[in-house]
Structures are given as C-alpha cells and as structure tokens.
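Below is one structure; the comments refer to it alone.
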Number of protein chains: 2
Amino acid sequence: MKRHVLIFGLVGGVLVTLLKLMEYRFLVIEHSFEIYGGLIALTFAVLGIWLGIRLNGRRQAVIVKEVVVPVAIRGGDSFTVNESKRDELGITPRELEILGLVAMGLSNREIAGKLFVSENTVKTHCSRAFEKLGARRRTQAVQLGKEFGLLGETGRPNG
Amino acid sequence: MKRHVLIFGLVGGVLVTLLKLMEYRFLVIEHSFEIYGGLIALTFAVLGIWLGIRLNGRRQAVIVKEVVVPVAIRGGDSFTVNESKRDELGITPRELEILGLVAMGLSNREIAGKLFVSENTVKTHCSRAFEKLGARRRTQAVQLGKEFGLLGETGRPNG
DNA sequence: GCCAAAATCACCCGAAAGCATGACGACAGA
DNA sequence: TCTGTCGTCATGCTTTCGGGTGATTTTGGC
C-alpha cells in the first residue's frame, strides 16, 4: 500500500528532473513558463489521480473462501497457554473476568451489577486491562484479547 | 460523479489563474520558477489525489480471501449464509464494512480517516447497523455480528 | 428521466467510556 | 513485620459514543 506512495514520489522526482532539464534546454522559447506549468500541472494531476485511485482502491467486497482443515488443531492445552499469556501480560484474573464481560457486549454498569461491585471498580479494572493490553478502547481490547487467546469466541475468558 | 470532475476543473482553473497573477506580481524573485513549479505540482497532486479518491469511491474490487476453518465448526456455504443473513437483517454492505472496522477496535474517527468520509457519516452507519442488529453498544454489536456470522474472528466482514 | 435505496454530512445533547490520581483493606510471601 | 499485589472505591475531568432529526447526493433499476 505504501508502495504506491513511493512510486508516486519517485515518478514525481523523475518528472521534476526532466522538466528542469527541459527548462534549461528550451528556456529561450516564448511562453515557456506557461508550457512548463501546464505540463507540471497535467502530469501531477494524472499522478495524483492515479495515486488517489490506488490509495483508495481496496474498497473490497471480501469473499471468504473457506479452506477446510481437519479439527484437532485446537487440541493443545488451551488452559496453560492462556494462563502463561495472561501472566506474561500481567493481567489479573479479575481483570480478565471483566474483559470477558466487556467482550460479551455488556456496559460497565451491567458488569458492575453482575459482579456486585461499583461501576468505578469496573472502570478501574478496565483501564488496567486496557493498559496491559495496549488498548485504548474496549472494542480494541476485545480484539486484542482474542488475538492473544485470552478470550474465546463467546467472550468467555480462556484461563 | 461528474460533479467532481467539474469541481476539479474549476478549482484547477482558479489555481492556475491565481498562480498566473502571482507570477506577474512576484516574478522578480529569484528562483521563482522552482517555487511556482513546486506549488503547481503540489496543488495539482493534491487535487488529483482528491479526484482519484472521489472518482474511485464506489467501485468495489472483489478480493477472494482464504480462511482456514476447522471442519467441525464450518456450517454450510459461508458466503451465501452470511449474505442472506445480511439481507435478512437489512444491513447494507457499507454498514457491514464499518461494523468490521468497529470489530477491529477502531474508533469512529479512525474509521472515518480510513474510509475518507466524515466522522458523522461513520456514526450514522453505526447507528443504523446497531439498530438493525438490536445492539445498544458497539461491543454488543460486534458480539452479535459474530454470532450471526457476519464477522469473522479477525473482524473481517463475511460477505 | 424518475424513483427508491444507499451513502454522505451536519447539529445537538445526554450517556457512557476512559484517564489520572489517590486511597484503603486483605492477604501472601520474604 | 514489612512489602507488594490485588481488589475495591471515589472524584474530577475529557473524550467518545449513541440517539434523534433533517438534509443532500449518489446510484442503480425501471
């Protein structure tokens, strides 16, 4: 994706050089500024349009083609794996528990009611968990939690 | 669609005129050609990028992604299932796309930046998607989206 | 060309979430 | 006993979300 920006820059540089050379060779021509200006404008407009299309080109209608593989992949000791990951990140059991409820789509207030603690406590646990996960939002925390294998598909904590 | 081309032309014309005026007023400055050339290149590049993005807006490139799925979990043709589910709920492709980005943990602002639309637009799409899903929070929407098979584990829209 | 659906954008306002900070008790281990 | 961690709670503040409403524009089908 950045490749296109790079190409843009390179082509732009080459064009600038070329135009500069042209300038020195044909500067004697009348109205040269207009010609060069027009050329520059044209080329950079085209380049810009190209880059714009490239840049935005991944407007995708993703078709998911599933590759079926045998089960038994998920066999490993899920518990210890997640346990170690949890330890590695320094996330406490309580934080993970709350993270699980967050993943299930509950609000802080609902979580507080469910666990019989105050909403502020829930927020504190959330904040600490987010910090340890490197997340700034609860949705991001959920996503990271699942990537790290801390949460299952149902939002249930794995560990 | 044509409107953007028109705007492009108009703005371009105005800019050319402005630069031409500048040329006559400040031509005495040394290295003016480089400055004007750079300005022209910059402005037209920006304009071009803008036009490219606008022009490319709706076109969708079909991307086929292969996903490894354990055989036991897989149920039927994922594509058609999700497509029909999406239709059943009345969720538009755009809404699903934004839902996917929400699932990836992005904020409305980040989504807006990624899709080159305003934050308000993202919020509108979100609200409609939430309403159709019966969700009151984005975390809940993500959870429901996954339950309905609209979103994959990575937050990628399925369909 | 016309119509309906979809997409875009704006504005306001209240609620929820998040951040920083501090504090206090329980409890395990050194 | 001292220390560190954990869980709990609070307060104040800023940001983000979400709902409501209305509007324009684009697009695709007829």
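By convention in this document, chain letters (A, B, ...) are assigned in the order of the sequence lines, proteins followed by strands, and residues within each chain are numbered from 1. Basis for what follows: all heavy atoms, side chains included, without hydrogens, waters or symmetry-related copies. The structure presented is a predicted model; accordingly, all values stated were derived computationally and were not measured.
Listed pair Arg136(B) / dG18(D) fails the phosphate criterion, with no side-chain N or O lying under 4.0 Å from OP1 or OP2. One finds no side-chain N or O of Thr92(B) lying less than 4.0 angstrom from the OP1 or OP2 phosphate oxygen of dA6(C). Between Thr121(A) and dC9(D) there is a side-chain N or O to OP1 or OP2 distance below 4.0 Å. OP1 or OP2 of dA17(C) has at least one side-chain nitrogen or oxygen of Arg138(A) nearer than 4.0 Å. Within the 4.0 Å cut-off from OP1 or OP2 of dT16(D), at least one side-chain nitrogen or oxygen of Arg109(B) is found. At the phosphate of dA10(D), OP1 or OP2 sits under 4.0 Å from a side-chain N or O atom of Ser118(A).
Distance Gln140(B) CD to dG19(D) P: 10 Å, rounded to the nearest Å. In this structure, Arg94(B) places its CZ atom 15 Å from P of dT26(D), rounding to the nearest Å. Distance CD (Glu131(B)) to C1' (dA6(C)): 15 Å, rounded to an integer number of Å. When the P atom of dA5(C) is taken as reference, atom CD of Glu95(B) falls 14 Å away, rounded to whole Å. Following rounding to the nearest Å, Leu115(A) (CG) and dC9(D) (C1') show an atom-to-atom distance of 15 Å. One interatomic measurement links the two molecules: CG of Leu106(B) to C1' of dT15(D), which rounds to 17 Å at whole-angstrom precision. Look at CD1 on Ile98(A): it is 15 Å from C1' on dG18(C), rounded to the nearest Å. Taking atom CZ on Phe130(A) and atom C1' on dC19(C), their separation rounds to 12 Å, with Å as the unit.
Residues Arg128(B) and Arg137(B) each lie close to DNA chain D; by heavy-atom proximity, the contact nearer the 5' end of the strand is made by Arg137(B).
Side-chain contact check for Val122(A) versus Leu101(A): every heavy-atom pair is 4.5 Å or farther apart. Residues Leu144(B) and Glu147(B) meet the side-chain proximity criterion, which asks for heavy atoms closer than 4.5 Å. With contacts defined as side-chain heavy-atom distances shorter than 4.5 Å, the pair His125(B)/Leu99(B) does not qualify.
Side-chain atoms of Ser118(B) and Thr121(B) form a donor-acceptor pair, as typed in the model, at a separation below 3.5 Å.
Backbone-only engagement by Asn108(A) is indicated by non-hydrogen atom pairs under 4.0 Å involving sugar-phosphate atoms exclusively. The residue Ser107(B) sits close only to the backbone: its heavy atoms come under 4.0 Å of sugar-phosphate atoms, none of a base.
A donor-acceptor contact under 3.5 Å links the side chain of Thr124(A) to the base of dC9(D).
Gln140(A) pairs in a side chain to side chain contact (heavy atoms under 4.5 Å, CB included) with only one of the listed residues (Gln143(A), Arg136(A), Arg138(A)), which is Arg136(A).
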